[in-house]
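Numbering of residues begins at 1 and proceeds along the displayed sequence.
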Amino acid sequence: QLLTPPSTDMNGKPTNCHLPECSVHLHLRWADNPYVSGTVHTKDSAPGLIMGAGNLGAQLVEYKEDMYITSDCGNTWRQVFEEEHHILYLDHGGVIVAIK
């Protein structure tokens, strides 16, 4: 199933990305060490909250790693950064620390 793209980017500008021609594509590399960058981030203590690095478009692009977040288990996504960050969840997802 394709991931629904956000209608606007992190600056509020239209993405002009619409299913099925354009969707969110996430890199699925994973890091077990919380201090090493992985591209899909979630925590058992923050249910439904997922962050991932990827891009909008027709396919996954290796060189483009914007950061996207969902708080509803992947139903809706929004862009939060224009490059990958290390992510730490605190206070059951109430606080997210992003380190560049």
(Q) Which residue in the set I69, D66, N55, T8 passes side chain to side chain contact (heavy atoms under 4.5 Å, CB included) when paired with Q79? (A) D66
(Q) Within this structure, what is the OG-NZ distance for the pair S7 and K13, rounded to the nearest 0.5 Å? (A) 15.0 Å
**Q.** Other residues, nucleotides, ligands: >12 heavy atoms within 6.0 Å of D44 CG
**A.** no
Q: Taking all non-hydrogen atoms of both residues into account, name the closest pair between G54 and H27 and its distance.
A: CA-CD2, 3.7 Å
Q.
Less than 4.5 Å apart, side chain to side chain, heavy atoms only: is that true for C22 and N16?
A. no
Q. Would you call I50 and W77 a side-chain contact if the rule is heavy atoms closer than 4.5 Å?
A. yes
Q: Compare all side-chain heavy atoms of V24 with those of C17 and state whether any distance is below 4.5 angstrom.
A: no
Q | Heavy-atom closest contact (L26 atom, Y68 atom, distance) | A | CD2-CD1, 4.4 Å
Q: Indicate the atoms forming the closest heavy-atom contact of Y89 with M51, along with that distance.
A: OH-N, 3.5 Å
**Q.** Min side-chain heavy-atom separation M10-V80 under 4.5 Å
**A.** no
(Q) What verdict does the side-chain contact (heavy atoms from CB on, under 4.5 Å) test give for T4 and T76, after you've listed the backbone C-alpha separation in whole Å, the side-chain angles of each residue and the deciding distance to 0.1 Å? (A) CA-CA 6 Å; T4 304; T76 58; over 6 Å; no
**Q.** From K64 atom NZ to E62 atom CD, the distance as rounded to the nearest 0.5 Å
**A.** 13.5 Å
Q. When you look at V40 and L28, which way does the side-chain contact (heavy atoms from CB on, under 4.5 Å) test go after all the steps?
A. CA-CA 6 Å; V40 174; L28 295 179; 3.8 Å; yes
Q) Are H41 and M67 side-chain neighbours, meaning at least one heavy-atom pair lies under 4.5 Å? A) yes
Q.
Quick check: do E82 and N11 have side-chain heavy atoms less than 4.5 Å from each other?
A. yes
Q. Is any side-chain heavy atom of I96 less than 4.5 Å from a side-chain heavy atom of L49?
A. yes
Q: Check the pair V61 / H25 against side-chain contact (heavy atoms from CB on, under 4.5 Å), numbers first and verdict last.
A: CA-CA 8 Å; V61 179; H25 297 275; over 6 Å; no
Q. Closest heavy-atom contact between T15 and P6?
A. OG1-O, 2.7 Å
Q) Just wondering, do D9 and L56 contact through their side chains at under 4.5 Å, heavy atoms? A) no
